[in-house]
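This report concerns only the one structure given below.
Quick note: residue numbers are just sequence positions, from 1. Because the structure is a prediction, the values reported are computed rather than measured. No hydrogens, no waters, no symmetry mates; every other heavy atom, side chains included, goes into these values.
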Amino acid sequence: MNNSIDMLNGSIFKGLVRFSLPLALSGVLQILFNAADIVVIGRFGSNNSLAAVGAVGILWGLFGHMFMSLGGGATVVAGKFIGAGKKSAVSSVLHVSTALALVLGAALSIFAWIFMPQILSAMQIPEEVFGLSLRYVHCLIPCIPGIAVYNFCAGILRAKGDTKRPLYFLLSAGIVNVLLNLFFVIALKMDVAGVGLATSASQYLAALLIVICLLREEGEFRLEIKKIRLDFATAAAILRIGVPNVIQNLLFTISNLVIQTAINSFGAVVMAGNAAAGNLENFTWTAMISVEQAALAFVSQNYGAGNFGRVKKSALQGLGLICATGAFMGGLTVLFARPLLALCVSNERAISEGVMRLRILCAPYILCGIMSSLAADMRGLGHSTEPSIVVLLGACGLRLAWIFTAFQTPRFHTTLWLLITYPASWLITGIVLAFCFARVFRQEKARFEPSA
């Protein structure tokens, strides 16, 4: 069965849809790992348990985003070599990526285990929630290498347009996660430790399945254990694309943690409502990010082939598709906000807080999609540092400036004015990125044309 997509020929729009649909479903399943935790704890645990799981959601999402970003670096480098027809280089990217995943996953696990108490303390998590949050995270930390391996390997498969098989692997892992959640929490009464262990087990299952898949592949996409190694040149090329995006996501998360800390100051009920809304909001973000990843793969392959006509069409059609996706998914989330939140929490004030969050963020989510899509297109052209800097200054900088100035005054010290910083920062950053992408596209096209 051919799991690849021809990104160098044929309809770009159809290719983007074929690529992004399985990827979107894969992202939804990853969200369900945490959503299952929220639902089970919300129904069979206490408000403090729900708040504990939700309070570290942003922090835990950082680990997944970090390895997704690094895996995106592997996608760009491998895609460029695919477009240029360099099969041996693609094989090198595969084996170096696997080695990087193992090394970085182990290093981050050790770091997280040692410093997690200090990190949670800095988040100003209330005393009645702190112990539960720490217990939950300690059950998740051992699966970080599994998350790393899955995302790096999935990044390699995405380079050739294979997004279906990673979906099947996550579907299997998701089913296991839900079943283990119910068993650990309801039958064994393990509370937050139960949902943490269930998520860890499911993440390792997904990693195992994708490794087995690559061991059975043919040609340059076949993983051979004896070839797994760290080659400096290939690793540097992957990290040059991935690391700026990791730094961007890290500082993004820090700014979001500052916002989460501000939310924590309003009490456990507000925390619970925002935790539930945050998980629903992620479904819209995931649907849009799948289109972004599709456009990234199309741009990188056609850039490697020197076909700038298809590079431009890939970027523009990807942008249009991500806008349509954001408008549709964001609208549905706002329309059904209250009944969806009621599945997770029963406290009326928590539901009201969640509804407000979804209305402020999901209705204009198209702006977030535009910002992310333009940054991804620039990474597909080999420029990762510049979009990261723009996003950091435009999004993170504006949010932090607001929190440490106007938000500190009584008039603006509400969750409403806290959340408005999101769409405002998306709009401003997106405008700047549009000018940056146009300049980078002209620059790269001019660099290729003299040798054409």
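In this structure the side chain of Leu170 reaches within 4.5 angstrom of the side chain of Tyr150, judged on heavy atoms. You'll find the side chain of Val40 reaches within 4.5 Å of the side chain of Leu182, heavy atoms only. Put simply, the side chain of Ser121 reaches to within 4.5 Å of the side chain of Phe130, judged on heavy atoms. For the pair His138 and Ile141, the minimum side-chain heavy-atom distance is below 4.5 Å. Annotation: side chain of Lys312 is not in contact with side chain of Lys445 (no heavy-atom distance under 4.5 Å). Using a 4.5 Å heavy-atom cutoff, the side chains of Leu223 and Glu217 are not in contact. Taking the side chain as every heavy atom from C-beta outward, Lys227 and Arg222 never approach each other to under 4.5 Å.
For the side-chain contact (heavy atoms from CB on, under 4.5 Å) with Ser314, the lone residue among Val299, Asn307, Asp377, Leu296 that qualifies is Val299.
Without hydrogens or angle criteria, Gln203 side chain to Gly146 main chain gives no donor-acceptor distance under 3.5 Å. Between the side chain of Thr429 and the backbone N or O of Ser425 there is at least one donor-acceptor pair closer than 3.5 Å.
To the nearest 0.5 angstrom, Ile210 atom CD1 is 11.5 Å from Leu205 atom CG. Within the model, atoms CZ of Phe283 and CG of Leu332 stand 12.5 Å from one another, a figure rounded to the nearest 0.5 Å.
Across Ile12 and Arg310, no two heavy atoms sit closer than the pair CG1-NH2, 3.4 Å. For the residue pair Ala277 and Arg357, the shortest heavy atom distance occurs at CB-CD, 3.6 Å. Considering every non-hydrogen atom in both Ala434 and Leu374, the closest pair reads N-CD1, 3.6 Å. Scanning both residues, Ser69 and Val246, for their nearest heavy atoms gives CB-CG2, 3.8 Å. In terms of heavy atoms, Cys213 sits closest to Phe169 at CB-CZ, 3.5 Å. Considering every non-hydrogen atom in both Leu157 and Arg165, the closest pair reads CD2-NH2, 4.1 Å.
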What side-chain donor-acceptor pairs closer than 3.5 Å can you find for residues 75-93, not counting sequence neighbours?
| from | atom 1 | to | atom 2 | distance (Å) |
| --- | --- | --- | --- | --- |
| Thr75 | OG1 | Gly71 | O | 3.1 |
| Thr75 | OG1 | Gly155 | O | 2.7 |
| Ser92 | OG | Thr234 | OG1 | 3.2 |

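With salt bridges taken as basic N to acidic carboxylate O contacts below 4.0 Å, one links Arg439 and Glu386.
Ring geometry for Trp426 against Tyr365 counts as tilted: the plane angle lies between 30° and 60°, on a 0 to 90° scale.
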